[in-house]
Each structure stands twice: as structure tokens, then as C-alpha cells.
Colleague: 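Shown below is the structure under consideration.
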Amino acid sequence: MAEITLVEAVTQALAHELDADERVLVLGQDVGANGGVFRATDGLQERFGADRVRDTPLAETMIAGIAVGMAAQGLKPVAEFQFMGFIYPGLDQILSHAARLRNRSRGRLCCPIVYRAPYGGGIRAPEHHSESTEALFAHIPGLRVVVPSSPARAYGLLLAAIRDPDPVVFLEPKRIYRAARQEVPDDGEALPLDRCFRLREGGDITLISWGASLKETLAAAEQLAEDGVGSEVIDPATLKPLDIHSIIDSVEKTGRCLVVHEAARTGGLGAEIVAQINDYAFDLLRAPVQRVTGYDTVMPYYQLENYYLPDVERIVAGARAVLDYSHGGGR
Amino acid sequence: MAEITLVEAVTQALAHELDADERVLVLGQDVGANGGVFRATDGLQERFGADRVRDTPLAETMIAGIAVGMAAQGLKPVAEFQFMGFIYPGLDQILSHAARLRNRSRGRLCCPIVYRAPYGGGIRAPEHHSESTEALFAHIPGLRVVVPSSPARAYGLLLAAIRDPDPVVFLEPKRIYRAARQEVPDDGEALPLDRCFRLREGGDITLISWGASLKETLAAAEQLAEDGVGSEVIDPATLKPLDIHSIIDSVEKTGRCLVVHEAARTGGLGAEIVAQINDYAFDLLRAPVQRVTGYDTVMPYYQLENYYLPDVERIVAGARAVLDYSHGGGR
Amino acid sequence: MHKPRMHLVASFDIAHLQYLDEQGRASQELPDFATPDTLQALYRQMALARLVDDRAVKLQRTGRLGTYPSTLGQEAIGVGTGSAMDSADIYCPYYRETGALLERGVDIEEILAIWGGDERGQCFQHAPEDLPLCVPIATQLLHAAGVGVALKYKNEHFDEPQRVAVASAGDGATSRGDFYEALNLAGVWQLPAVFVINNNQWAISVARSDQTASQTIAQKAVAAGIPGLQVDGNDVIAVRAAVADAVERARRGEGPTLIEALSYRLCDHTTADDAGRYRPAGELERAQKREPLARLAHYLESAGHWNEDAETELQRELAEILEREVKAYSSRSKDRPAAMFEHLYAELPEALYEQHDELAERGGDR
Amino acid sequence: MHKPRMHLVASFDIAHLQYLDEQGRASQELPDFATPDTLQALYRQMALARLVDDRAVKLQRTGRLGTYPSTLGQEAIGVGTGSAMDSADIYCPYYRETGALLERGVDIEEILAIWGGDERGQCFQHAPEDLPLCVPIATQLLHAAGVGVALKYKNEHFDEPQRVAVASAGDGATSRGDFYEALNLAGVWQLPAVFVINNNQWAISVARSDQTASQTIAQKAVAAGIPGLQVDGNDVIAVRAAVADAVERARRGEGPTLIEALSYRLCDHTTADDAGRYRPAGELERAQKREPLARLAHYLESAGHWNEDAETELQRELAEILEREVKAYSSRSKDRPAAMFEHLYAELPEALYEQHDELAERGGDR
Ligand SMILES: Cc1ncc(C[n+]2csc(CCOP(=O)(O)OP(=O)(O)O)c2C)c(N)n1
Ligand SMILES: Cc1ncc(C[n+]2csc(CCOP(=O)(O)OP(=O)(O)O)c2C)c(N)n1
Ligand SMILES: [Mg+2]
Ligand SMILES: [Mg+2]
């Protein structure tokens, strides 16, 4: 079996579901003949027809909004926003309608929609092309927010997202779209949307991250291991609803935790994870849970983007600070 | 001097700045002859003219977007969204442009805009009229987010917001628009946008809240006082950037803290406050900082809204849980 | 500089349709559907809408209902639209909709429940595929476009008979990008969709002339390359004829239509509004002369199909229906607090168990 | 049913303007501004834009520039538009703008810096009030409307001479709500604003005909009740004449205009695109025959105002300018990392001191 990249795994999952379920439609800007600007829909229109894989006019509010109407009539739209930076005009329709239709109709209608978007920085892209604002979506009741971090997880989680009866915001870390290859059998096996993935076992510190940042997080874990520090690396993958219990299980063991994310720090999802660890495992913490994140400023144009993104050095330093922490007394 | 309500204090501040600075313009749906659906702009069009106080067509993206162009040309628009639930179509313009223009033009242009919106639930309003999604805005670099909780603070903070050279999202807790009256001299004295307000002193627990929930939080403090518990009540008022140091000062004293907000819990601003207290004062905490918040579901239609909103009972119970917390060991 | 020579590349006409003039006289031969029975039925539904509105406002005034948007004076639009649809078609309503909802079979009790702050009103037991009432202005127009995509797709792929999506909105709504994006998509994808605009001349306090510089709302269709027309929105025959024609064309695969129905809001925007603050003196009185019920009654009377007795009998019958429904509304039990979690997702995620259980406890559910 | 009688309420015509036909022959008397000097200047700017584009693509190919959107084939639109404005007018550009920016006085070095990933390129030293290049499609049209509000207000309240806001966008951009909301506001508030659409027939891979069912983009103005016209976008004289006329009307307080400039994207969408994946065979070749530079050169030659020597001399001069600017670009120092905090707010809030200092340290600033 050939090894495939993350973006190819996305294509494979889309093809699998287009093939399996005629209610599934793919739509977005340039998803047709062009196969998407990242080629995530490459070949799909040719294979399934322009009715199943549709180029839309250039209007994100429209894309977000028609998906609601389509879903209310039993279709399963998989809508692509070309970049996460262009999802915002769709936010009203996602927040006010997609996320609420089931609830406000008391279960009469629902929105089995997947809103996909390439996400994050690090590819020398132009302005507004490097957003990671998952926290905005993770705050919205009624949504699921999913970020895959490997080809296999991209495949399994996207299958699950498409089959899920409720709306899912599926954010694809484009920096690692082609970073690694993996054998991913096209077996239609979905992965659960309510479980964290443990990517590495270790007893000294829990490192939590998702998406592209896991690359640096795993490298940091490797570096820490050279110094004899055992890191447990956890990928929540589904950021909302969050499987906090798997995280707590790990923190129970390590007593120390660092959250790494690319998004701006303030109000990022790291804060919620810190707060929930505090809720459930305060007594077990041997140091405050800390965060290594993007800065609280606008993602810079690409010349400076590597300063913005958490790198191995910052992650190792962050972990060190957690590991070296000792109570100053007080309690 | 007559005592005025919070909404009248808003009007007074708007009138003061319209009078003081010809670059200030008020715009929004129904802000003219109608004086706004809550009468926040009552009488302003008559006094300052339809050129200074403008009814716009019904288009929120437009309202958010033209404010950017107006500000880039040196005006100081104060734009009203009729309810916070209708601000979302404006989010793209606020996030991608208003919050970024200064940075992306390296200081050449800027956006001294105030985006006002009535905010929160509890007034038996129709669907979508009871939103409290301040956390979405508090995550956006380049914005200020301000929530007043009394007539005096509404006046002073709105003056500051209008004078501020950068964009401010100013959220007005409509449940307390007319809940209390206060003497508010029209003296043009602004309040700082970088300081918390301490509304009550106490040594046993720090209660943090903002907007309408402060009403119940203060009532809870009162109730706790009857049992001999001293609560320090803090109103950050400016939620972004957050004056964490005043909060830490209080927590240093009490060692215990509860955050109360009306917004959904997950990814709400409470999480960020918990995380920052952990960052700065972990050793001093005698219990995990806890949260009493709206639930992680859609704000219900009004029959059930009082179940959704944090009430005195839940706040007291939350405070009790923090106060009664004792380490289960582990560390 | 002399004026340059320019070459004409496109031309557009906007036309207006009316059957009954302001005095209730036929201004042209009526369409085939306009039998005495049908016209009486339309009259009945408009009269019922008016009664419901009147009662709803009173219920609000006595604290038994929340904010309510009356359709007073605009009954012909909702009733005309609803009556032009097949029950299998899908309606995507805005919020000012009493007449249309009655036509769609929505219970009066449900309408009252919605405005009484109870999600269960949106269940639409007799219109189970219609979308719930929509408050965020113009957003429902995109839903209608999406429904149109689905209906066309299901017709082509699942051999479903072609159904049509019909949406409504106010004149103010036409200023929003969602309106335009919906029309544009419907045009380029030739969707089976009909967009009906209730041009009641006001968006709360903003007059139609302050909303847009376009001479008509109908001409906004030109931007999307779709047909647009104006109808006399106080003439239920014209509304029904125009909508029925558009629905049939959509059903035949000939694409979408924008219909501007000209009417007037003979009431405050909602019970929370006071139009006295902004409505010019005399305007209401002038508009009252054009209202749709008297107009149709005059026509029916002069044709010998209506009289005082019939009116009395009708009002008696409708009052009875209304009492029954109001009683049903008033005796509804409150929804359980925990219900706010039970339809959030198909299945409650583990992460929400604690919150759900806390709420169930508080509501006495367990 | 027989066809009902309808009453005409509004009519609209869309016209097209051209001065030079595809062979570079005057198809009507040229406007007054079209002196040999002016036409040579326009030609020069188009030629410079083409050189800049060509070099930028090469810089990208060799890793010295990020993604770049060339204006190849569309130079007449930017140059025509820019040359029709006063320097005090305000330009709100989209991203495909080399020609217009050159006209506005933006340095080539600045243009390269923007696409080279350096915010400082947006400083526009010689166009300090123009808005930065705008990437989120159509959003800049609302900024232009807002600028128009301000310019009108400042004229009325601060006695400022009336200036005009000019914005550009692509054909794809006209599908977005922002476009329509901007036009609608400009219409109802009679703003001094001109909206120029570069209809290059493609939005990345989406053909104009899949973008909207409207026969022209110009007719979208009808929805906003404002004038709309089409110009031959490969005829710089027509572009400049139409924009100048619209700008002057706006300056006189006669409101906004929508101008559709018909052209063709003779290149990939950006350096990250491969039009070969979606462009029908032959289309490019056909479009090449209509391109703007050759057309104007032909006209000037046949009128005796251009020849091979002039062309050689021009190319030499422009190449020199380009070398100088590319050198300046290549020798720029990198911005300091901490700069990403220094312009976020007018004054750095205390809450950001720590992060700023950390970054300053990492950047070696302290
Ligand atoms: C997006 C949005 N913005 C604002 C509002 C508040 N609002 C409710 S009704 C209304 C006016 C609507 O006018 P129109 O579209 O003409 O419909 P009408 O109420 O006159 O039938 C406004 C501004 C809203 N519900 N949604
Ligand atoms: C809001 C938004 N959505 C999507 C994109 C990605 N994108 C960049 S250019 C483009 C096509 C634009 O086409 P058009 O408006 O015709 O302008 P052109 O590039 O052809 O000049 C798209 C979809 C974007 N920049 N902004
Ligand atoms: Mg209206
Ligand atoms: Mg284009």
C-alpha cells in the first residue's frame, strides 16, 4: 500500500464518503476542476461529477448558509473555506444557525455539516492566510471542532466528521499537509470524535498539543528524553467537546503539564484546558499548567512568522519551567 | 443632580463626545429618530443632526466595515449593533480589519472605532437577543473589550473608549440598563481602560465578574457576609487587555477565587482568568479557582433563561465550594 | 468634452402586477384560481391572521407573551404566499409571518409558544420540513437557497418530485449581503427557489427610502440575473398569482424569482416598538385605505359572494378557534430546564454530562 | 391561464464604452485628455507594470518572494484607474494592483516588500492615505464606502475640498455580500465613491459564468440604484475616461458609480496557481490578441507618436528603474520580531509587556 500525506488522506476520506453515501456533497471555491488550492479535492469532481463536487461562487456567508438549508433537507454537505482566514464571514451562519438548528427545532431538523478549512501558519503565505482561531469555534455550543495531526487521523476523523449528525468544524493544519507520509488503508474505519490520542508515553510531564504544533511538540519530547525526561504527548484532536478525562488520567500520572498551541495565547483553547485540569486535578498538580503559544498579536507577514510560531526551543523551555517549578510555599 | 440609569449614562457619554469632538459620529440601525431600540441614542439626532447621528441601512457587515474606512480618514465612529446577536456578520471586518489596520500599515493608519452592542440575557427577549459572546472578541489581538456595570462606569468607560485611538468593543449589559440609578456628573472624566474596579473589599475570597452578573455576585457577597465570609468583588470592566495584576493582588490576599460569567463556560473568559491566576499566583491558591457560568448550550428562549443565567444561589454555592475546598493531598 | 458614444449591452424592465385596485374593483380579468370558494378561503385566512395578531398583542400587553411582531395590514402577503405553495414545498419564514404559517398548517398554539419563549413552538407538527421562524435578518434566504440545492439534487438523484423552496423577508432585509448572496447563487445554479419580500415600507424606524436608493426592491433581481417583479401586496390575488407562477416555473426547472410585495405595516414594528416616534403624520391613515381585507371583502360583496351575515358567522367561527388555541397555549406546561441540553447534539457528549445533570437536578427532573 | 397585464415601473440600460478597438484603431473620437504625451505616459506605466510583474514572478520562482498575483493583461485597468484620480483622492486597492499602485506613487520596492512578507511594504510613503493592499475579497469595498462617508463629511463640516474614494475588486468579488452592501450604502447616502471591477473572467478557477447569472457585472449597480457601466478594460483610454468621469461626478456630489472593466487574466491566478488545470484550450490565445499594451502601441504608432526606437529607449529606462528597486528590495534588512507588537495598539498595553520583551530578547533587540 502506498503511503500518503495528510492532504491525500483528506482526499481519500472525501472520496470514500462520496462513494458510500449519495447524500454527501462537497462544495467550495475551486474545489472542482482545480481540485482545491491545496489539492484536497483533487480528482473528485472528475470522479463524482460536478453535481456532487461543486465550485461555488465566491461568498463565504453563502457557503456557510446554504449548507444549513441543504442539511435541513437531509444532505450532508462538506463545505470548504479556502483558508481559515476567510471563514469569518460564515461565522454568523455557523454560530446562529448550523450550531443551533437541532436545538431550536427541538430535534426536528439537524445540520450534519462539515465545514473544512486549511488552518495555521508556517507556509510563507500572504496576509490572512495563516489563521488559527479554533478557540472562536470551541466556544460555540452545538459545534464540534476537530484538528487532525497525521494522515491516519485526518482520514479517520474526517470520516467520523462527515458521518456525525451534527456540524463539525474540521481544521486542517496545512503546514503538515505534506510533511509526512503514512500508510492509511482506505477501509472506511472512522476514529472516535470523543477521545484524545496519546502519541507518546511518559511519566514526567504531559505535553498537550494539536495540529501542526505537534510536530515541534514531539520533537521537544524527543529532546527532553535525551535528558532523561519522560513526556506523555496527548493530541486531543477533537477540541470540542473536549475529552478532558484522558488528559486528567495523564496528569494524574505526571503531575505536570504544558499546553502548546499556535493560536494567540489570551482566550486560546489552552486556557480552557488549564481551567479544566484545575477543576479536576488541582491537588495532583506539582506545578501550574503552563502554555507555550502564539503571541497575543496578529500573525505577522511571513518573514517573521517563525518567531510567532511555537518552536522546539520554546516548547523545551516551557517544559523545563514546568519541570523545574517548585512551590514557593504559600499554601 | 439627577440620578441616571446605565443606558442614560451611555447617552450622556455619547452626547458629551459628540459635543466635544466633531470627528465623532454615531451610526447604527434606528439610532436616529427612534433613539435606538433601548433609547441609548435618545435625542441625539435631534440635537446633533442626522449627519452626526445616522440611521444606517440594515447591514451589519457594512456597519462594521464602513467604520474602518471612516476611521482611516480620521473620523471616530461609534457604531451600534442593535443586539450582540447581530454582531457576527461584522466579525470579519472587526477581526480582519479594524483590529489590524494599525499593525498592518505599521502605524500609518488606525481605527479609533467604538463598536457598541447591548449584551446578555434576562429581559425575556426573543431568540438571538440574549448573547454574551465576549470571549470571541477577547481572543482577537488588537481589540479592546469593555463591559460597564454601573451608570458611572458606563459613562467613564465609554468616554475612554471613544477617545481611545484603537478599536473598542463596548458591550452594554442590557439587563441592568435600567436596574439602578446613580448620580453621574457630566464632567467629561474618563475612566481608565487598563484597571480593574474593586467593588467590595474582603479577605476570604475573591469574586470576579462583569456586566449584569455583578448584580447577583454582589448579592452573593452580601449573603456570604451574613455568614461571616469576607468577599472581595472585582469588576475587570476592560476584559481585554486584562489587568491581571489587580486580580493577583486580591488573590494574594484571599488565596481563593471564583469567576462568574453569563457566557457559556467552555472557552469563556473565565478560563483565561483561571489560567492567568495559575500563571502568577499558583502557590498562593488554597483552592482551585472555580467558575460559575452560563451552561455550554445555546441560551434558551426566555421561559428557561433564568435557569441558564448564574443566580445568587449558584454563586453562593460556587463560592462555598471554593471556600470549603481542602487539599486531598497528592502534591 | 462631448459625450462619448456608448454601446447598449443589456436592458431590464421591472413590472407590477395587480388584480384588485384599492377600491376592491378588478383592474383586469382575474386568474383562474380566483373562484368564489378560493377567494373566501383566502379571506378567511387573512381574517384569522388578523385575529391572532390582535390577540397576541393583547397577550403581550398583559404579560402573557413576549415581544410579538404583528402582520397587521400585511396579511395578504403571507396568506397569498402560503396558499400558492404545495404542502410538500418548503417554507423558510422570517419572523413576521402569522398568515403564511396558518396557511402552512402551523398551529396557532405553536406560533404563540414561540413568542411565549418556548422552543417547542418551532416543532411545526403539521409543517415538519419547514424551517423555524428566523430572527437574524436575511439569514433564512441562504437557507432557502440551500434547501433549493437539496430539492433540485434530490429530484435529479433520488427521483423525488421537484419541490420548491420559498422564503420571505422584509424590505430592510434586502440591504444585507445574505440576501444578495442567496439571489446570486439561486441565479447561477438555477435553483427552485422563490424569494418574497414584504415591503411594508419600514424596517423598524428606517424608511424604505433610507434603506436603498433603488427605485424598486424587485430590480435587485437584476444583480443576480434572475426575474424580479413587483406585486400589489395588499391584493391577495396578485400575491398568490405571482407566487404561484414563480413556484411553477421553479418546479419546471426554470429557476428562481424575486417578488416584491408592496404593502404597509399598519402597526408598530413589534410590541416593543412605538412607531409614533418616527412615523410621519398622516402616513398610517393613508395606508389604511389600501389594506387587504376590506379590499377583498368589497370585491366579494360586489360580486355577490359575501355579506354581513357571512362575516358575522366567520368571525364567530374564527373566534372559537382562537379561544381554543389560546387556551391550549395558556395551559402548556413549562419545558424542562434540562431540555436545553437534550437537543444540542444528537447524543449528549460526555463533556456535558455534569452540566446536564446539574440542570436536571435544579429543574426537579431527578 | 392567459398572461396577466402588468404595468411597467422601472427600466434600466447598461452601456459599454470603448475608444480603441482590438486592432488599436480609434472606434470613436478620443477624449480630450488623450494627447500624445498622456497616452505615452499611460503606455509607459503599463509597460512598467508588466516588467514589475514579470520580475516578481521570477523572484518568486527563485524563492526570493512569496506568492505573487500578476496583473499581466490587465494593466490598462490599474493604470487607467490610477491615472484618473487626483493624488488627494483615496485608493482602496485589492491585491492585483501593480499598475494602479505605480500610478499612486507606491514604490516598486514597497510592492515587492508586501509580497516578500514584510508589513513595512504597506507604508506607502508616497500615498500615505491610501488603504493597504487588501486580501480578504471585497472587504475593501466597504472601507471605500466608509472613506466616502468621511470625505463627504469632511467636505461639509471641515470645508475640505471634496475628495473621492476609489476601490477596485475582481469579478469574483462581486459575489460577496460586502460588495453589494457597499454599493447599496453608497447609493442611499450618495457617497463620493467609485467602484472599479477588474473582470478578468476568472476567480482562480471559477469562470465568470459560474460566478453569477447576470449578463454583465455592471448591471449589479441596478440593485443599489446607482449608475453602472461596462468599459473595454483592455483599452486604457476607455478605463481612464470612465473612471475620470465617475470621479468627477462623485466630486460634484452626484454620487457613486460601478464600472466593470472587461479584460482577461493572461497569467496564472498567482504564482501558487496553475491555470492549465482549468482553463479551456484556446481561450488564452484568443485573449492575448486583445491585450492592452500592443493595442495602445499600435494606435500610437499609426498616429506617428511611437516607434521601435522609442520602445527600446523606454524599455531601457524602465529596466534601470526596476533594477534599482529590486536591489533596494533585496538589500532590505529584516524587520525586528518585536515590531509585531509595536503597532498593535497606539501604546503597548501592560498586559503585553512580557510577551513583547520575550520577543525582543529572541530577536536580539535587547
Ligand atoms: C441581522 C439582524 N440585525 C438586526 C436585527 C434587529 N431587527 C429586527 S427586525 C428589524 C427590522 C427589519 O425590517 P424589515 O426587513 O423591513 O422587516 P419588517 O420587520 O419590516 O417586516 C431589525 C433591524 C435582526 N433581527 N437581525
Ligand atoms: C474572502 C476571501 N475568500 C477567498 C479568498 C481566496 N482567494 C484569493 S483570490 C480569489 C479569487 C478572486 O477572484 P476575483 O475576485 O475575480 O479577482 P482576481 O483574482 O481574478 O483578480 C480567492 C477565492 C480570499 N482572498 N478572500
Ligand atoms: Mg419592513
Ligand atoms: Mg477575476
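Convention: sequence-line order gives letters A, B, ...; per-chain numbering from 1. Atom set for the values below is all heavy atoms of this structure, side chains included, hydrogens, waters and symmetry mates excluded.
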Colleague: When you look at CD of A:Glu46, are more than 12 heavy atoms from neighbouring residues, nucleotides or ligands closer to it than 6.0 Å?
Modeller: no
Colleague: Report yes if the side chains of A:Thr61 and C:Leu142 come closer than 4.5 Å at any heavy-atom pair, otherwise no.
Modeller: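 Yes; the side chains approach each other to less than 4.5 Å.
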Colleague: Using non-hydrogen atoms only, which part of A:Asn103 is less than 4.5 Å away from chain C: side chain, backbone, both, or neither?
Modeller: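 Backbone plus side chain of A:Asn103, per the 4.5 Å heavy-atom cut-off to chain C.
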Colleague: Are side-chain heavy atoms of A:Pro57 and C:Val188 found at a separation under 4.5 Å?
Modeller: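 Yes; the side chains approach each other to less than 4.5 Å.
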Colleague: To the nearest 0.5 Å, what is the distance between NE2 (C:His157) and CZ (A:Arg23)?
Modeller: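 Rounded to the nearest 0.5 Å, the NE2-CZ separation comes out at 14.0 Å.
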Colleague: Give, for atom CD of C:Glu347 and atom CG of A:Asp164, the distance between the pair rounded to the nearest 0.5 Å.
Modeller: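 Reported value, rounded in 0.5 Å steps: 9.5 Å.
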Colleague: To the nearest 0.5 angstrom, please state how far the CD atom of C:Glu354 sits from the CD1 atom of A:Ile244.
Modeller: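 Rounded to the nearest 0.5 Å, the CD-CD1 separation comes out at 11.0 Å.
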Colleague: Side chain, backbone, both or neither: which part of C:Phe341 has a non-hydrogen atom closer than 4.5 Å to chain A?
Modeller: neither
Colleague: Let me confirm one number: the CG-CG distance from A:Leu143 to C:Leu344, rounded to the nearest 0.5 Å.
Modeller: 9.0 Å
Colleague: Between C:Lys154 and chain A, with a heavy-atom cut-off of 4.5 Å, which part of the residue counts as in contact: side chain, backbone, both or neither?
Modeller: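 Side chain only.
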Colleague: At a heavy-atom separation under 4.5 Å, does C:Gln125 approach chain A through its side chain, its backbone, both, or neither?
Modeller: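 The answer is neither part of C:Gln125.
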Colleague: Just wondering, are more than 12 heavy atoms of other shown residues or ligands nearer than 6.0 Å to CD in C:Glu358?
Modeller: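 Yes - once you tally the heavy atoms of other residues, nucleotides and ligands closer than 6.0 Å, there are more than 12.
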Colleague: Taking every heavy-atom pair that is under 4.5 Å apart, which of A:Asp243, A:Leu25, A:Leu242 has the most such pairs with chain C?
Modeller: A:Leu25
Colleague: Considering only heavy atoms, which portion of C:Leu151 lies under 4.5 Å from any heavy atom of chain A: side chain, backbone, both, or neither?
Modeller: side chain
Colleague: Verify the distance criterion only: is there a donor paired with an acceptor across the side chains of C:His143 and A:Gln93 at less than 3.5 Å?
Modeller: yes
Colleague: Of the backbone (N, CA, C, O) and the side chain (C-beta and beyond), which part of C:Ile90 lies under 4.5 Å from a heavy atom of chain A, both, or neither?
Modeller: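 Just the side chain, heavy atoms under 4.5 Å.
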Colleague: Answer with side chain, backbone, both or neither: which region of C:Glu156 has an atom nearer than 4.5 Å to a non-hydrogen atom of chain A?
Modeller: side chain
Colleague: Contact part of C:Ala182 toward chain A, heavy-atom cut-off under 4.5 Å: side chain, backbone, both or neither?
Modeller: neither
Colleague: Heavy-atom distances under 4.5 Å only: say whether C:Leu133 touches chain A with side chain, backbone, both or neither.
Modeller: backbone
Colleague: Looking at C:Pro132, C:Gly121, C:Cys92, C:Ala351, which has the largest count of heavy-atom pairs under 4.5 Å with chain A?
Modeller: C:Pro132
Colleague: Below 4.5 Å from any heavy atom of chain A, which atoms of C:Ala339 appear? Answer side chain, backbone, both or neither.
Modeller: both
Colleague: Measure the shortest side-chain to side-chain distance between A:Arg106 and C:Gln122 over non-hydrogen atoms and say whether it is less than 4.5 angstrom.
Modeller: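 Of all side-chain heavy-atom pairs linking C:Gln122 with A:Arg106, none is under 4.5 Å.
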Colleague: Quick check on C:Glu129 against chain A: is it the side chain, the backbone, both or neither that has a heavy atom closer than 4.5 Å?
Modeller: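 Looking at C:Glu129, backbone and side chain both touch chain A.
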Colleague: Can you tell me which of A:Arg100, A:Arg54, A:Lys240 forms the most heavy-atom pairs within a distance under 4.5 Å of chain C?
Modeller: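 Of the candidates given, the most pairs with chain C belong to A:Arg54.
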Colleague: Can you tell which part of A:Leu109 gets under 4.5 Å to a heavy atom of chain C, answering side chain, backbone, both or neither?
Modeller: side chain
Colleague: Just so I understand: if I count every heavy-atom pair under 4.5 Å between each of A:Gly142, A:Cys111, A:Gly107 and chain C, which residue has the most?
Modeller: A:Gly142
Colleague: If you count heavy-atom pairs under 4.5 Å with chain C, which of A:Asp194, A:Leu75, A:Thr56 comes out on top?
Modeller: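 Top count of heavy-atom pairs under 4.5 Å with chain C: A:Leu75.
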Colleague: Name the region of C:Cys134, side chain, backbone, both or neither, that has any atom closer than 4.5 Å to a heavy atom of chain A.
Modeller: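 Both parts, backbone and side chain.
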Colleague: Grab the two heavy atoms, one from C:Pro349 and one from A:Arg144, that are nearest each other, plus how far apart they are.
Modeller: CG-NH2, 4.1 Å
Colleague: Below 4.5 Å, heavy-atom pairs only: which of A:Arg108, A:His245, A:Met62 has the largest tally toward chain C?
Modeller: A:Arg108
Colleague: Could you report the tightest heavy-atom contact between A:Ala72 and C:Leu131, atom names first, then the distance?
Modeller: CB-CD1, 4.0 Å
Colleague: Assess the side chains of C:Tyr153 and A:Arg52: does a donor N or O sit below 3.5 Å from an acceptor N or O?
Modeller: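 C:Tyr153 vs A:Arg52: donor-acceptor pair found between side chains.
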